[in-house]
Amino acid sequence: MSLTLIVVIVPFLLSFLWNRVIYHRTKQYVDFPQIPPSRIWGHLSTLIHFMKTTKLNSHFDKAFKAVYDCLGSPPVFLLDLRPFSFPICVVCDHEIAEQISISSKLFQYSIPKSPFMRLVGDVTGPRSIILAEDKNWKRLRKLFNPGFSHSHVASLMPCILDKTELFLANLDHYARTGEDFSLDELCTNLTFDIMGAVTMDTDMDAQLGEQNQTQIVRLFRELRSTYNSNKGIWVLLPSYQRRRLARRVDFHIKQHIKAKFEEQQANPAKRSRSILSLSLADQNELTPEVLDETCDQLKTFLFAGHDTTSIMLQWAFYELSRNPRIFGLVRLELDEYFGPESTPIAIRDKILENRDHFLQNMLYTSAVIKETLRLYPPAATSRYSPPNTGFNVRLPSGQDLCLDGVVLYSCQTIIHQTSKVYGDRASEFIPERWLEGSETPIPPSAWRPFERGPRQCIGQDLANIEALVVIASAVRRYTWQKVGLGATKYDESGDPITKENGQYDVQSELYNSTDTGDNSAARGRNENACEDGGSLNHTMLVATLVEIYLIYARKKGCGVL
Ligand code: HEM
Ligand SMILES: *[C@@H]1O[C@H](CO)[C@@H](O)[C@H](O)[C@H]1NC(C)=O
Ligand SMILES: *[C@@H]1O[C@H](CO)[C@@H](O)[C@H](O)[C@H]1NC(C)=O
Ligand SMILES: *[C@@H]1O[C@H](CO)[C@@H](O)[C@H](O)[C@H]1NC(C)=O
């Protein structure tokens, strides 16, 4: 009896399953541009093949770009990574990215975040504004918007300047001793300090050397390292270690919130200007719910605000170091503003004398920052419209495409470099394209490092102000050079070799990785203009805010095209 059952049912089941597989692999998403999928592996082996054509630990955007080129620049393409991950729709066209990020009839606050965001949740906690949706998100955003407004952030300039002074003191030290050093460490410590000061009115002391750093800094560093790409597939698993570390961060942050709350209750007139203080202003009682929620937001700000800004600074420093013409123009602008002064104190006074004037008039320096974020976007977004929602976008061909059930990844690396918008020199660093009177106007939706729409970055003004202050202070005082990966090439007489476009030629390409913390590969050198021989060890990393960890497999790439 049972044998007959097996003989009848098993083939039936197998054939049913096989048909499902065929349907899912070849019919379900047939409308999407894609490389013909393998019935067994989908696009997994394809992706691995393309990842192998790029540097091993480079950012997966590079592999996406290779697939995009191979497919002849489609507006979107599909990567079917089932059963390891959701199918991913890589969005390569700014008009489609825009349709995803704006509010629509179906989604008032734009398409919800993708299930991959769970990974971020391990650090930020489940109540984070980054993960929140609908009314709850709206409430949080309203609560924190005033703290991140341009005018409020500009009023926090003294905090930013204080922390920048420590950064300059560290640079001065290296300029004097002539040692190579890691710009990554210095920038990340700096931005962590700024985040601590601005959001929670506390000194993180990240820039005072390892011994003196606060516990929060150490725990965060450990937390970041749990996301390293060398963990491969394991990074996708719920991590006990990560949650344990996050709980320890909670403890310290909650202590701090309680202390600030009590201070504020005792003396309402002496409220600090931190974003934490603003958000607590209307609370009469610090309930456990408010405490939990506030703690998750502070973790979110620390997490979302320091790595991103640090990466931006590092790439800006690198581009300035290999583009003497651009460096000269930034200096010229600063000369006009600051006069001959270059001491940190003088720079500080001059900036504080008239902040708005400073923020509005560094047009060329702002263009450098904008161009840096174009070529090296440090973050991204991934969204998900659940199956059967009926979310359609209009493709450039006029055809409609339903995007339900696939993870939507706006690939800024591709969007920011399309020749349709940015011309033949799309991959070159040219700040002039952002200045008034440049030939071809750039549609606003084609530049989206902070994303756009209701869920765009709340901290973008803060990031911009930080960048302006730090770059202005450093360019005013030093010149520097990269050593190691991405270093300049020199001719026999020791002069840098310059390419046709005015850029120094480099020995090897500098690339992004998704690693955090392991920076043995890239080193840089800094030279102080006045005292020669100072150096920078300049490490590049890209830890994306909304990292999508693709799965690495050991199998050899096969079956491509
Ligand atoms: C160069 C620096 C930065 C870049 C490139 C950047 C980029 C982004 C992007 C692309 C998003 C959208 C994420 C998504 O749609 O899933 C975002 C959201 C966010 N960013 Fe930033 N960010 C930067 C700096 C900061 C800073 C300094 C803060 C300060 C705390 C911050 C806090 C946030 C928060 C809280 C959100 C979530 C907003 C919401 O969902 O309403 N970011 N950022
Ligand atoms: C920056 O942080 C790293 C790691 O957290 C630490 O080892 C280093 O000493 C810090 N640098 C400075 C100048 O404080
Ligand atoms: C940090 O710690 C070191 C060694 O523990 C100490 O020598 C140094 O003075 C401290 N730096 C600051 C700024 O407190
Ligand atoms: C680094 O990554 C960004 C996107 O994150 C990309 O635009 C850029 O071209 C990459 N740079 C290099 C040198 O690979």
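Both ligands and their constituent atoms are indexed starting at 1 by order of listing.
Compare K113, R141, E133, M195 by their heavy atoms: the one nearest to atom 41 (O) of ligand 1 is in R141. Between Q213, E210, Q211, it is Q211 that holds the heavy atom closest to atom 5 (O) of ligand 3. Looking at F450, F144, F148 and measuring to atom 9 (C) of ligand 1, the nearest heavy atom belongs to F450. Considering each of S410, C457, S101, the one bringing a non-hydrogen atom nearest atom 31 (C) of ligand 1 is C457. Here the shortest heavy-atom distance to atom 8 (C) of ligand 2, taken over D205, V217, N189, belongs to N189.
Within a 6.0 Å radius of CZ in R221, more than 12 heavy atoms belonging to other residues, nucleotides or ligands are found. Summarising the local packing, NZ of K260 is surrounded by more than 12 heavy atoms from other residues, nucleotides or ligands at distances under 6.0 Å.
Within the 4.0 Å heavy-atom cutoff, Q460 does not count among the residues contacting ligand 1. Distances from ligand 1 to the non-hydrogen atoms of Q297 include no value under 4.0 Å. Under a 4.0 angstrom heavy-atom cut-off, T188 registers as lying outside contact with ligand 2.
Looking at A206 next to ligand 2, an N or O pair under 3.5 Å apart turns up. Here's the thing with Q456: none of its N/O atoms is less than 3.5 angstrom from an N/O atom of ligand 1. Checking only distances, S382 never comes within under 3.5 Å of ligand 1, N or O to N or O. Between N170 and ligand 2, no N or O atom pair is found at a separation short of 3.5 Å. Considering backbone and side-chain atoms together, T381 places an N or O closer than 3.5 Å to an N or O of ligand 1. Looking at ligand 1, you won't find any N or O of T300 less than 3.5 Å from one of its N or O atoms.
Salt bridge E133/K113: absent, no basic N to carboxylate O contact under 4.0 Å. Using a 4.0 Å cut-off between charged side-chain N and carboxylate O, R139 and E293 make a salt bridge. Under the 4.0 Å criterion applied to side-chain N and carboxylate O atoms, K254 and D292 are assigned as salt-bridge partners. Of the charged side-chain nitrogens involved, at least one lies within less than 4.0 Å of a carboxylate oxygen, so that R448 and E98 count as a salt-bridged pair. Using a cut-off of 4.0 Å between Lys/Arg side-chain N and Asp/Glu carboxylate O, R243 and D250 are scored as not salt-bridged.
Side-chain polar atoms of R383 and S385 form no donor-acceptor pair below 3.5 angstrom.
Looking at atom 14 (O) of ligand 2, its nearest protein heavy atom turns out to be G209 N, 2.7 Å.
A ring-centre distance under 6.0 Å is found for F148 and F301. Ring pair Y376/Y318: centre-to-centre distance not below 6.0 Å. Taking the six-membered ring for Trp, F220 and F303 have ring centres at least 6.0 Å apart.
Atom-to-atom distance recorded for E451:CD and S410:OG is 5.0 Å, nearest 0.5 angstrom.
Contacts between R448 and ligand 1, counted as non-hydrogen atom pairs separated by less than 4.0 Å, are absent for every part of the residue. Residue contacts with ligand 1, taken as heavy atom pairs separated by less than 4.0 Å, involve I129 via backbone and side-chain atoms alike. Residue R218 does not touch ligand 2, judged by heavy-atom distances below 4.0 Å. At a heavy-atom cutoff of 4.0 Å, ligand 3 is contacted by the side chain of N212 but not by its backbone.
Atoms of ligand 1 found under 4.0 Å from any heavy atom of F301 (numbered from 1 in listed order, with element): 30 (C), 35 (C). Ligand 3 places these atoms under 4.0 Å from at least one heavy atom of L208: 1 (C), 13 (C). Numbered from 1 in the order shown, with element, the atoms of ligand 1 that lie under 4.0 Å from a heavy atom of R455 read 12 (C), 39 (C), 40 (O), 41 (O). Those atoms of ligand 1 that come under 4.0 Å of a heavy atom in P378, given as number and element, are 5 (C). Of all atoms in ligand 2, listed by their number and element, those nearer than 4.0 Å to a heavy atom of R221 are 4 (C), 5 (O). Heavy-atom proximity to L186, at under 4.0 Å, picks out these atoms of ligand 2: 13 (C). Each of the following atoms of ligand 1 lies closer than 4.0 Å to a heavy atom of M312: 1 (C).
Among all heavy-atom pairs drawn from H94 and I415, the shortest one is CB-CG2, 3.6 Å. Contact record, S382 with V407: CB-CG1, 4.2 Å, taken as the closest heavy-atom pair.
Under the 3.5 Å distance criterion, the side-chain polar atoms of Q213 are left unmatched by any main-chain donor or acceptor of D205.
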